[in-house]
Amino acid sequence: MVPPQGYYKAQPGQSSHDHCLFIQHTDIVFVILLVYVDDVILTGNFVDAINKCKMALHSKFTIKDLGPMKYFLGLEVARSSHATIISQTKFICDVLKDACMLQCKPASSPLPQGLHLTPDSGEPLSKPDMYRMLLGRLLYINLTRPDICYAVQHLSQFMNKPRKPHWEAALHVLRYLKGSLHQGLYFPMSDDLSLSAYCDSDWAACTYSGKSLSGYCIYLGPCLISWKTKKQTTVSKSSAEAEYRAMANTVCELLWISYILQDLQVLIKLPIPLHCNSKAAMYIAANPVFHEHTKHIEIDCHLVRNQLQQGFISPRYLPTQEQLADIFTKGLPTNRHNYLAHKLNLLPLPTST
């Protein structure tokens with residue numbers, strides 16, 4: 001068989017789980033290259049091996065070496081002896097400037113408390129592309145600001161036909177970012193490379209579709225490395241089912257992260273703690289004869305049970321007040337929101353001296 005023209009073929013050293021990731025690994029040398037179009041991050045355990053890779057790239061593409069990473073695709077990177085800090089202060093300022101919001105009054109939370117938006121409420125926007133552009137930029141800001149994840153997901157539902165209340169809510173997110181402009185994600189120096197996860201759901205959170213929201217966050221040691229808010233694709237008949245679907249989404253992400261860590265030669269400690277505040281969902285995962293709650297759940301959700309039986313995850317109950325993923329499934333009071341944002345390692349940037 002001859003592959004058709006343009007058919008993708010993995011290259012030697014290319015990760016099969018992330019096609020932008022290339023790895024060179026021998027007994028003593030380990031070099032990692034991450035590429036996005038024509039921007040490249042290069043790291044490794046030997047300077048000579050890194051320099052050799054730079055020379056090879058330069059001979060083919062004529063590259064410009066910018067030295068230790070400080071700025072990459074809008075992400076600002078700062079390092080100290082204790083942590084690496086990633087932020088987007090400049091990018092957020094540019095968004096505020098383009099929206100004429102640099103002098104706006106700051107808000108204390110991403111969305112007003114008790115806000116309920118629907119697809120058909122309010123006057124349609126005369127220029128819907130402005131809303132879509134702003135939401136696209138907010139989605140990018142979410143790379144370093146998990147505290148706006150729920151708000152951005154909620155507003156993204158109205159991209160097709162945005163209306164005035166949707167636009168005003170998006171501007172409220174900008175006011176919140178103005179008030180928390182100098183914040184970034186902290187990645188503390190640590191030799192702890194164990195995974196842990198938190199998942200949560202808000203049953204029937206979408207008032208006009210009846211669908212629930214799933215949210216999760218995943219840590220590598222003390223560092224937050226993945227988070228997401230997503231509306232579930234089908235209507236859950238109970239809060240237990242909604243929580244179980246949230247567990248399934250989290251397990252899928254954990255599996256992918258485990259594959260990437262294996263590519264990076266990181267040993268994964270199993271089982272991975274999966275923190276959930278629904279005992280019913282945990283019972284469904286552990287008990288295959290829990291018929292009344294499971295007979296209407298699709299087969300694909302039962303990967304939670306399979307991974308539990310294989311020793312990949314260890315579901316653990318924790319009270320709702322300790323559930324870090326709570327911030328990804330609903331709008332919260334300011335004190336609760338700020339508390340959880342701090343727990344996610346979203347902290348004020350250090351002042352320069």
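Predicted, not measured: the structure shown is a model, and the values here were computed from it.
With a 4.5 Å cut-off on side-chain heavy atoms, L224 and P146 count as touching. The shortest side-chain heavy-atom distance between F187 and I86 falls under the 4.5 Å cut-off. Looking only at side-chain heavy atoms (C-beta outward), L174 and L138 come within less than 4.5 Å of each other. Considering only heavy atoms from C-beta on, Y283 stays 4.5 Å or farther from S278 through its side chain. Put simply, the side chain of K211 does not reach to within 4.5 Å of the side chain of T234, judged on heavy atoms. In this structure, S236 and R245 have side chains that are in contact, with non-hydrogen atoms separated by less than 4.5 Å. Using a 4.5 Å cut-off on side-chain heavy atoms (C-beta onward), Y216 and L254 make no contact. Inter-residue side-chain proximity for Y131 and L155 is flagged as met; some heavy-atom pair is nearer than 4.5 Å.
Scanning both residues, R336 and T320, for their nearest heavy atoms gives NH2-O, 3.1 Å. Residues W227 and N142 come closest through the heavy atom pair CZ2-O, 3.1 Å. The two residues I260 and S15 make their nearest non-hydrogen contact at CD1-OG, 4.2 Å. Across all their heavy atoms, N338 and S108 have their closest contact at OD1-O, 4.3 Å. Heavy atoms only, all atoms of each residue included: R145 and Q183 are closest at NH2-OE1, 3.7 Å. Of all heavy-atom pairs between L318 and Q323, the closest is CD2-NE2, 3.7 Å.
For H166 (side chain) and T118 (main-chain N/O), a donor-acceptor pair under 3.5 Å exists by modelled atom type. Side-chain atoms of S201 never come within 3.5 Å of backbone atoms of W203 as a donor-acceptor pair (strictly under, hydrogens ignored). Q307 contributes no side-chain N or O that, together with a main-chain N or O of L303, makes up a donor-acceptor pair within less than 3.5 Å. No donor-acceptor pair closer than 3.5 Å links the side chain of S109 to the backbone N or O of T334. The main-chain N or O of L125 is never found under 3.5 Å from a side-chain atom of W167 such that the two would form a donor-acceptor pair. Formation of a donor-acceptor pair under 3.5 Å by the S212 side chain with backbone atoms of A204 is found in this model. Under the 3.5 Å distance criterion, the side-chain polar atoms of Q157 are matched with a main-chain donor or acceptor of H154. Panel note: side chain N45, backbone I28; a donor-acceptor pair is recorded below 3.5 Å. H25 places no side-chain N or O within 3.5 Å of a backbone atom of Q265 that could act as its donor or acceptor partner. At distances below 3.5 Å, at least one donor-acceptor pair connects side-chain atoms of E76 with backbone N or O atoms of K90.
Checking each of D263, L264, I41 against I32 for a side chain to side chain contact (heavy atoms under 4.5 Å, CB included) leaves exactly one that passes, namely L264. Tested against L195 for a side chain to side chain contact (heavy atoms under 4.5 Å, CB included), the candidates L261, L270, I313 yield a single pass: L261. Residue L111 forms a side chain to side chain contact (heavy atoms under 4.5 Å, CB included) with just one option from L332, V152, V173, and that option is V173. Between S214 and the choices K231, Q232, K230, K228, the side chain to side chain donor-acceptor pair (under 3.5 Å) rule is met once, by Q232.
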(request) List the steps, then state whether side chain to side chain contact (heavy atoms under 4.5 Å, CB included) holds for C206 with L213. (result) CA-CA 8 Å; C206 183; L213 280 183; over 6 Å; no

(request) Would you please test F46 and N51 for side chain to side chain contact (heavy atoms under 4.5 Å, CB included) and show each step? (result) CA-CA 9 Å; F46 279 96; N51 289 333; over 6 Å; no

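Atom CE of M69 and atom CZ of F72 lie 7.0 Å apart (nearest 0.5 Å). A distance of 3.5 Å separates CD in E253 from OG in S226, rounded to the nearest 0.5 Å. Between I284 atom CD1 and K279 atom NZ the span is 15.0 Å, to the nearest 0.5 Å. How far NE2 of H172 is from CD of E168: 11.0 Å, rounded to the nearest 0.5 Å. Interatomic distance, CD1 of I63 versus OG of S59, reported as 9.0 Å (0.5 Å rounding). Between the CG atom in N335 and the NE2 atom in H337 there is a gap of 11.0 Å [rounded to 0.5 Å].
Hydrophobic clustering (ILVMFWY, side-chain heavy atoms < 4.5 Å, transitive): L66 and L75 are in distinct clusters. V37 and L143 end up in the same hydrophobic cluster when Ile, Leu, Val, Met, Phe, Trp and Tyr side chains are linked at under 4.5 Å. By the rule that hydrophobic residues join a cluster once side-chain heavy atoms approach within less than 4.5 Å of another member, L139 and Y36 end up as members of one cluster. Hydrophobic clustering keeps M133 apart from L96 (ILVMFWY residues linked when any side-chain heavy atoms are closer than 4.5 Å, directly or through intermediates).
In this structure, D129 pairs ionically with R132, as a charged nitrogen and a carboxylate oxygen lie closer than 4.0 Å. Taking the charged nitrogens against the carboxylate oxygens, D326 and K330 do have a contact shorter than 4.0 Å, which makes a salt bridge. The pair D98-R137 meets the salt-bridge criterion, since a charged nitrogen lies less than 4.0 angstrom from a carboxylate oxygen.
Grouping Ile, Leu, Val, Met, Phe, Trp and Tyr by side-chain contacts under 4.5 Å, direct or through others, puts Y317 with M282. The hydrophobic cluster around Y186 extends to I85, L347, L349, counting ILVMFWY residues whose side-chain heavy atoms fall within less than 4.5 Å of a member.
By the neighbour-count criterion of 12 heavy atoms within 6.0 Å, atom CE of M189 is densely surrounded, having more than that number from other residues, nucleotides or ligands. Q321 CD: more than 12 foreign heavy atoms inside a 6.0 Å radius. No more than 12 heavy atoms of other residues, nucleotides or ligands lie within 6.0 Å of NZ in K70, so this atom counts as exposed by the packing criterion. Within a 6.0 Å sphere centred on CZ of F61, other residues, nucleotides and ligands contribute 12 heavy atoms or fewer.
A donor and an acceptor atom, one from each side chain of S190 and D192, are nowhere located under 3.5 Å apart.
For an aromatic pair to be called close, the ring centres must be under 6.0 Å apart, and F91 with Y140 satisfies this.
Using a 30° and 60° split on the angle between ring planes, Y219 and Y198 fall in the perpendicular class, above 60°.
For the pair R163 and F158, the cation does not sit on the ring face, since its NZ or CZ is not both under 6.0 Å from the ring centre and inside 45° of the axis.
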